Amino acid sequence: MRKLGRSFFARPALAVCREILGKYIVRVCRGRKIIGKIVEVEAYSGPADRGSHAFGGKITARNKIMFEQGGLVYIYLIYGMYWLFNITTGRPGHPAAILIRAVEPVQGFSGREASGPGKFCKVFKLDKSFYGEDLTKSKRLWLEDNPEKIKVNRGPRIGIDYADPYWSKIPWRFWVKDNPYISK
DNA sequence: GTACAGATTGAG
DNA sequence: TCAATCTGTACT
């Protein structure tokens, strides 16, 4: 299976979003492989995005990785309890990332254990040690291609109602049509 | 320095 | 409906 390289991630977030659905994410932990098929993602792109941590182009210790090249891990703690896993996209200087919201079990776990951004990180044992990890070089976490054709649906993002009406409604959430493993 | 809300989740 | 409790931001 072909590993996804820099050229896949160094593109606009929305393009990566649509194409990353159906791809495999592989985690190696203590000699065992955990594999999931990505079935739900959201895009956060540009300094004008009210829902993004990079809104206004402001750089903080937490979000600075969003301003770097595509293919890096942006992981952060939310509500003091849950890790949320993002992959940066695009080119240096343009803050963009896509949030992995749900994956379908392939190997190493089962059921809907990864059907939600916080749950996914728990099952895949992802934490702050992955901050800035390069997915094109890492030996413990990477993505693999899948030639399978996927039917993609799109709609508004989740959990950002605080943003203004325009940004909270734009359809930057993508998921695999009729897949039972997307988050509720 | 204090106050508060958030890209969530599971329990009640 | 609420609490778990870290991080950034807007105040005093």
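Chain identifiers are assigned alphabetically (A, B, ...) following the order of the sequence lines, protein sequences preceding nucleic acid strands; residue numbering begins at 1 within each chain. Just so it is clear, the model here is predicted, and its values are computed rather than measured. The basis for the numbers below is simple: all heavy atoms, side chains too, and nothing from hydrogens, waters or symmetry mates.
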*Asks:* When rounded to the nearest Å, what value does the distance between C1' atoms of C:dT7 and B:dG10 take?
*Replies:* 23 Å
*Asks:* From C:dT9, B:dG6, C:dC6, pick the nucleotide closest to the side chain of A:I78?
*Replies:* B:dG6
*Asks:* As a test of reading the structure: which of C:dG8, C:dA4, C:dT9 is closest to the side chain of A:R62, going by heavy atoms?
*Replies:* C:dG8
*Asks:* Which nucleotide sits closest to the side chain of A:L84: B:dT8, B:dT9, C:dA4?
*Replies:* B:dT8
*Asks:* Atom CZ of A:F120 and atom C1' of B:dG10: how far apart are they, to the nearest Å?
*Replies:* 20 Å
*Asks:* Determine whether a donor-acceptor pair (N or O, by modelled atom type, separation under 3.5 Å) exists between the side chain of A:R6 and the backbone of A:G70.
*Replies:* yes
*Asks:* Between C:dT9, B:dT8, B:dG10, which nucleotide gets closest to the side-chain atoms of A:K119?
*Replies:* B:dG10
*Asks:* Mark yes or no: A:R50 above the aromatic ring of A:F55, with NZ or CZ under 6.0 Å from the six-membered ring centre and no more than 45 degrees from the axis.
*Replies:* yes
*Asks:* Tell me the interatomic distance from A:Y82, atom OH, to C:dA3, atom P, rounded to whole angstroms.
*Replies:* 15 Å
*Asks:* Between C:dG8, B:dT9, C:dC6, which nucleotide gets closest to the side-chain atoms of A:L77?
*Replies:* C:dC6
*Asks:* Using whole Å, report how far CH2 of A:W83 lies from C1' of B:dT9.
*Replies:* 16 Å
*Asks:* Without swapping roles, check the side chain of A:S183 against the backbone of A:A102 for a donor-acceptor pair under 3.5 Å.
*Replies:* no
*Asks:* When you measure from the centre of the six-membered ring of A:Y76, is the NZ or CZ of A:R62 closer than 6.0 Å and no more than 45° off the axis?
*Replies:* yes
*Asks:* Using only side-chain N and O atoms of A:K184, determine if any of them is under 4.0 Å from OP1 or OP2 of B:dT8.
*Replies:* no
*Asks:* Determine yes or no for a side-chain-to-main-chain donor-acceptor pair under 3.5 angstrom, with A:N63 supplying the side chain and A:S52 the backbone.
*Replies:* no
*Asks:* Quick one: A:R112 CZ to B:dG10 P, roughly how many Å, whole number?
*Replies:* 10 Å
*Asks:* Does the structure show a Watson-Crick or G-U wobble partner for C:dT5, both distances under 3.5 Å? Name it, or say none.
*Replies:* none
*Asks:* C:dT7 P sits how many Å from A:K64 NZ, rounded?
*Replies:* 13 Å
*Asks:* Look at all strands and tell whether A:N86 reaches a base, only sugar-phosphate, or nothing, counting heavy atoms closer than 4.0 Å.
*Replies:* base
*Asks:* When the distance from CD1 of A:I75 to P of C:dT7 is rounded to whole Å, what number comes out?
*Replies:* 13 Å
*Asks:* Between atom OH in A:Y74 and atom C1' in C:dT7, what is the gap in whole Å?
*Replies:* 10 Å
*Asks:* Rounded to the Å, how far apart are A:Y76 OH and B:dG6 C1'?
*Replies:* 8 Å
*Asks:* Does A:K128 make a side-chain N or O approach to OP1 or OP2 of C:dT7 shorter than 4.0 Å?
*Replies:* yes
*Asks:* With nearest nucleotide decided by heavy atoms, which residue, A:I59 or A:Y79, maps closer to the 5′ end of DNA chain C?
*Replies:* A:Y79
